[in-house]
Amino acid sequence: MTADRVLVTGAGGAVGSAFLARLAERAPAAGLVGVFSGEASRDAYLERAPRAVTDVLRPVVCDLTDEEATLALTGTLGRGRRTVLVHAAANVSWSASPEAARLGNVAVTRNTARLARALGDTRFLLLSSAYTAVDDWEYRNTYEESKAEAERLLKRDFADLDPSVFSCSLVVGHSATGAISRFHGIYPLLGLVERYEPPFLPGDRDGLIDIVPVDWVASELCAMTEALLAGGPARDVVASAGEAAPRLSDLVSAVVTVLNRARREEGRPELVDVPLVPYRRWDFLRRSVDAWKVTEIRLPNRQFLDRLIGIYRPYFENARVRLPENTTCPAPHWSGYVDGVVEYWRTANVRRPPRVASAS
């Protein structure tokens, strides 16, 4: 790769930060610019980022929801240098209001694409979700709908940028270390199991939960970026697990196994197996516990439980996801990394007080 420039929005996020670290290893000659939403986000990232990144990264602070401020980056960054703009910034909440989702995913994509156009000689690479598509899809939440709208907008109104789309499924920790910078996706489910010890969970036990490790995603995103910098054609990639994804029942069982290993070492009571029940049965049981004032069944706070289960429900009932497409290699099988993923989360979070958190 020549000494061109890679501009990354959402640089402090789970994928953005892993991507920058991998790109600094693979392409040390490329100029790296990271866009952060605020000074606190920038400083927090720089404190934890590897030296290989901080030595070469140019951090920039900008509110990408502000069209004028975004376009002003043209003067800050300078025109005329061959650039690949990797747009990873997004509102990833599955429970965001329609207004918030469209602002974070559609308006910000539009603003960033206008920046790319103003910079000149820039290729645009949008990070999207394998859990959504622009056509023939039943959107399960505002996140999916707004990400699909952003893709349509980009292809329709910014064809001159020759845009590409990189769609990945639920991102979890590093396949060797379990490390990740943000606990979204499946992680609130780990907190529910560890802190509240639910006697059962709702969901389709045979449904596949498509998860992929962040280092594999970063490597695939690097390969795509390198190809674009080298002048390769626009293409779309779907970085999903496919056959390497776990069944929901297997994933829950693996989570319990890892948590119990730590509980034995700490001398704490072990978790019992957490069976999965269909949502119709769950709804009946939930109403019955309330109506009959059953106290023998331990359940979390009603507000917390209803919020979390409601967020996950579309995926535990209908786990539809796009199949892998145009990746350089298949995703690692979940059984080889899930232990490390759960243990990393446990070490970082199990002692924190419970809170109602977004599951995205």
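One-based numbering along the sequence shown.
Atom CG of residue L7 and atom NE2 of residue H87 lie 10.5 Å apart, to the nearest 0.5 angstrom. For the atom pair CD of E343 and CG of L190, the computed distance is 11.5 Å after rounding to the nearest 0.5 Å. Put simply, CG on L127 and OG1 on T109 are 10.0 Å apart, with the number rounded to the nearest 0.5 Å. The CZ atom of R123 lies 5.0 Å from the CG atom of L228; values are rounded to the nearest 0.5 Å. From R322, atom CZ reaches atom CH2 of W137 across 7.0 Å, with rounding to the nearest 0.5 Å. Separation of atoms CD (E243) and CG (L208) is listed at 9.5 Å; rounding is to 0.5 Å.
A parallel orientation is assigned to the rings of Y312 and F316, their planes being inclined by less than 30° (bins at 30° and 60°).
Side-chain contact between R79 and T74 is present, with at least one heavy-atom pair separated by less than 4.5 Å. A heavy-atom distance below 4.5 Å is not found between the side chains of Y279 and D204.
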Worked verdict on E194 versus R268 for salt bridge (charged side-chain N to carboxylate O under 4.0 Å, His left out): CA-CA 12 Å; E194 166 63 22; R268 294 193 294 146; 3.1 Å; yes

Worked check of side-chain contact (heavy atoms from CB on, under 4.5 Å) between N349 and Y187: CA-CA 10 Å; N349 282 275; Y187 288 100; over 6 Å; no

Verdict with supporting geometry, E265 and R346, salt bridge (charged side-chain N to carboxylate O under 4.0 Å, His left out): CA-CA 13 Å; E265 293 174 356; R346 188 197 68 82; 5.7 Å; no

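Between R263 and E197 a salt bridge is recorded (basic side-chain N to carboxylate O distance below 4.0 Å). The existence of a salt bridge linking E149 and R152 is excluded, since no basic side-chain nitrogen approaches an acidic carboxylate oxygen closer than 4.0 Å.
Listed here is the closest heavy atom pair of E151 and S167: OE2-OG, 4.1 Å. The nearest pair of heavy atoms linking H174 to V214 is N-CG1, 3.7 Å. Contact record, V53 with A24: CG2-CB, 3.9 Å, taken as the closest heavy-atom pair. Nearest heavy-atom pair, T327 versus V238, reported as atom, atom and distance to 0.1 Å: CG2-O, 3.5 Å. Residues P202 and I309 approach most closely at CG-CG2, 3.7 Å, considering heavy atoms. Considering every non-hydrogen atom in both Y131 and S169, the closest pair reads CE1-CB, 3.6 Å.
Side-chain contact of S181 with S17: a donor-acceptor pair under 3.5 Å is present, judged by distance alone. Side-chain atoms of T328 and E220 include a donor-acceptor pair closer than 3.5 Å. Between the side chains of T70 and N111, not a single donor N or O lies within less than 3.5 Å of an accepting N or O.
Residues F200 and L189 fall within the same hydrophobic cluster, defined by Ile, Leu, Val, Met, Phe, Trp and Tyr side chains chained together at heavy-atom separations under 4.5 Å. Under a hydrophobic clustering in which Ile, Leu, Val, Met, Phe, Trp and Tyr are joined whenever their side-chain heavy atoms come within less than 4.5 Å, directly or via other members, Y143 and L103 fall into different clusters. Residues L71 and F124 are members of separate hydrophobic clusters, defined by side-chain heavy-atom contacts under 4.5 angstrom among Ile, Leu, Val, Met, Phe, Trp and Tyr. Under the 4.5 Å side-chain heavy-atom criterion for ILVMFWY residues, a single connected hydrophobic cluster contains both V92 and F183.
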Could you give the side-chain donor-acceptor pairs of residues 153-160 under 3.5 Å, partners two or more places apart or in another chain?
residue, atom, partner, partner atom, Å
K155, NZ, D236, OD2, 3.1
D160, OD1, R117, NH2, 2.8
D160, OD2, R117, NE, 3.1

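Both the sub-6.0 Å distance and the 45° axial angle are not jointly satisfied by R140 relative to the ring of W94.
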